[in-house]
Every structure is written in structure tokens, then in C-alpha cells.
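Report on one structure; see the data block that follows.
Proteins come first, then strands; the chains are lettered A, B, ... in the order of their sequence lines, and each starts at number 1.
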Amino acid sequence: MPELPEVETVVRGLRPDLIGRTVVGAWTDWPKVLDDVSLVELTATLKGRRISAIFRRGKYICVDLEGVFLVIHLRMTGRLYLSDRAEGDDRWVHFSLALDQNAHMAFSDSRKFGRVLLRHSLDFLEAKLGPEPLTLSDADFADILQGSTRAVKTFLLDQAKIAGIGNIYADESLLRAKIHPLTPVDRLSRKQACALGAEIRRVLEAGIAHEGASISWYRKPDGNKGESQQHFMVYGRTNLPCKVCGTAVQRTVVGQRGTHFCPNCQRR
DNA sequence: CGTGGGACCTGAACGC
DNA sequence: TGCGTTCAGGTCCCAC
């Protein structure tokens with residue numbers, strides 16, 4: 001579910017409530033959510049540590065506990081919020097971090113795809129993720145595309161090339177840039193590549209401004225829905241009129257992901 | 001290097 | 001009502 005705008009919204013919502021809090025324990029009812037560590041080991045490592053920062057890298061949430069990092073990926077249905085109970089406020093909470101003042105950072109995830117990692121360095125993230133799209137110039141984005149023959153939609157979803165774009169914002173960016181999702185990257189002109197970079201930034205920034213897209217599971221930490229879905233131009237609009245030209249939006253599959261595009265605005 | 005299939009999981013929506 | 005199918009914002013692993 002969550003892509004860059006949703007993850008960023010979660011981080012911004014939690015930050016004021018988390019900074020400065022001290023860990024007093026941890027809880028899980030499904031240890032597999034802890035990818036690389038046992039609950040006992042995680043608790044021993046974090047107990048007594050203070051949260052000094054929380055930030056996003058790609059779609060990962062990084063909680064800095066004085067040099068030790070709790071790294072969380074929400075995958076498809078993950079939610080993160082504060083609760084006054086270790087088991088959280090819904091039936092899908094599988095992990096929580098107990099903090100002082102009787103607060104718990106609850107990780108809810110109905111599909112159980114999400115993971116919580118404990119690391120002493122974030123080098124592993126830098127090794128696997130491409131640059132952040134929001135701070136990437138059009139020219140640098142165009143340079144990243146160099147040398148690839150893949151379908152542009154597939155390329156945008158490759159986190160090693162550029163970090164944070166997911167299925168929704170890939171489709172939305174391509175519509176706005178008027179590029180067909182199956183276009184081979186090496187057949188884009190420099191001008192088209194720069195335009196795509198600009199539209200990616202615009203779409204992601206709008207997604208953040210609307211506090212993320214609540215199609216199904218995603219909620220802000222305060223429990224409310226984001227509003228980004230109200231502004232989609234193609235995503236999830238199969239057979240509905242394109243918001244640019246009115247042509248019926250088509251759905252196809254690219255790289256095994258449902259892909260929405262306007263056959264009039266986005267010519268091959 | 002790139003792609004396709006499957007795995008990991010559960011819930012919602014829809015057809016019959 | 002109940003059952004079967006399909007789809008879902010993501011990522012990893014393996015075969016080819």
C-alpha cells in the first residue's frame with residue numbers, strides 16, 4: 001500500500017509524539033514480523049534508549065534510538081500509530097514498542113507482509129536504494145534512465161534506481177508526462193525524461209500535501225484517511241473517463257502490476 | 001541484464 | 001448465505 005507520500009505522512013504524524021520518548025519494552029504476537037532479531041534481543045537492545053529522530057528513506061521508516069535503528073517497512077497494509085495498549089486498537093496489530101508515559105507505537109498489518117528490522121547502521125538501505133525523487137533534479141533523473149531498455153513503468157518501480165515510487169504514483173506520473181507505460185526507457189527523448197522527472201516530483205508532492213491515499217488500508221497515524229485518492233487522474237479509474245481528455249482509461253498489466261493509462265494521452 | 005512466475009498473507013468485492 | 005475467484009499501495013527469490 002504505502003508509497004513515498006503515505007510513508008512521509010506517517011513519519012510526519014508520529015514525529016512530534018515520538019521524539020524524546022524512552023523505550024520501556026516491546027510486544028509481538030507474531031515473531032516473524034521481526035525479520036532478523038528475536039523479541040528478547042530487540043527488547044534488551046532498545047530498553048532505556050531514547051528516540052532521537054524518525055525519518056523516511058524510500059518507503060522505509062527509520063526510528064533512530066541514539067545510534068540504533070528500528071527500520072520499518074509497511075509493505076501493503078501496514079499502519080503505525082500510538083495506542084495506550086500494547087495490542088493496539090485493532091485486531092491486526094502484530095508488534096508494538098512500549099514507550100514511557102504508557103504509550104505504545106503499534107504496528108498493524110492485516111496481510112503480515114510488513115517487517116520490523118533492528119540495525120546498527122543504515123548502510124544496508126543506501127546499498128539497495130536509489131536516490132530520493134523529491135530532491136533529484138530533472139537532469140539527474142534523466143541521467144539515471146540512461147542505458148536501460150526496460151519498460152518505463154517497470155523502471156520507475158525499481159527501488160534500486162529511484163526510491164519511493166509505487167504503483168499509484170508511477171501511473172499518475174506517466175499520465176501527466178503523457179508517456180505510455182510500456183515505452184522502453186531508451187526510446188524517451190531527453191526532453192521527455194526531464195518532463196517525467198518533473199511530473200514525478202509534482203505528483204509525489206501533491207500526494208504528501210493530500211496526506212496520502214486511503215484506498216483501502218492506509219490511515220494516517222491519527223486514524224483518519226488521507227485524501228490523495230480524490231485527486232487520481234488514472235489510477236483505479238478503469239473504463240472511467242480520463243480526467244485530461246475524457247477517453248476511457250484502460251487497464252493492462254506491466255511487470256505483473258495492474259497499470260492504468262489513457263490510450264489517447266499516452267501513445268506508444 | 002532482464003523477465004516471468006511464485007511465494008509471502010489476509011480481506012474485500014463480486015459472480016453464481 | 002455460502003463458496004469460489006480475483007484483486008490489492010510491495011519485495012524477494014528462482015528459473016530461464
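Sorted by residue number, the members of residues 104-117 of chain A with any non-hydrogen atom under 4.0 Å from DNA chain B read S110(A), R111(A), K112(A), F113(A). Of the residues in residues 227-235 of chain A, those with a non-hydrogen atom less than 4.0 angstrom from any atom of DNA chain C are Y235(A). Near DNA chain B, meaning a heavy atom under 4.0 Å from it, residues 86-94 of chain A has R91(A), W92(A) in order of number.
The P atoms of dG5(B) and dA8(C) are separated by 15 Å, rounded to the nearest whole Å. dT5(C) and dG6(B) have their P atoms separated by 15 Å, with the value rounded to a whole Å.
Of the candidates dC9(B), dG11(B), dA8(C), the closest approach to any side-chain atom of M76(A) belongs to dA8(C).
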Check your understanding: If the sugar-phosphate is the primed atoms plus P, OP1 and OP2 and the base is the rest, what is the B/S/- string for nucleotides 11-16 of chain C, using protein heavy atoms under 4.0 Å?
Key -> SS----

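Sorted by first and then second residue, the ring-ring contact (aromatic ring centres under 6.0 Å, His included) pairs involving residues 167-216 of chain A (not counting sequence neighbours) are H180(A)-F261(A), H210(A)-H231(A). Counting only residues at least two apart or on different chains, the side chain to side chain donor-acceptor pair (under 3.5 Å) pairs with a member in residues 31-49 of chain A are D36(A)-R119(A).
Remark: Y60(A) pairs with H73(A) by the ring pair (Phe, Tyr, Trp, His ring centres under 6.0 Å) rule, at least two apart or across chains. Under the side chain to side chain contact (heavy atoms under 4.5 Å, CB included) criterion, V33(A) pairs with T28(A), W30(A), F95(A), F107(A), V116(A), not counting sequence neighbours. Legend: residues meeting side-chain hydrogen bond (donor to acceptor under 3.5 Å, both in side chains) with R21(A), ordered by chain and number and at least two apart, are D100(A). Residues forming a ring pair (Phe, Tyr, Trp, His ring centres under 6.0 Å) with F232(A) (at least two apart in sequence, or on another chain): Y235(A). Listed by chain and residue number, nothing satisfies the side chain to side chain contact (heavy atoms under 4.5 Å, CB included) test with A195(A) (two or more places apart in sequence, or in another chain).
Distances shorter than 4.0 Å separate none of the side-chain N or O atoms of R150(A) from OP1 or OP2 on dC1(B).
Among the atoms of the strands shown, base atoms are found under 4.0 Å from some heavy atom of S214(A).
Between the side chain of E132(A) and the backbone N or O of G58(A), at least one donor-acceptor pair lies under 3.5 Å.
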Check your understanding: Once Watson-Crick and G-U wobble pairs under 3.5 Å are found, how is DNA chain C written in dot-bracket notation, 5' to 3', with | for any base paired to another strand?
Key -> .|||||||.|||||||

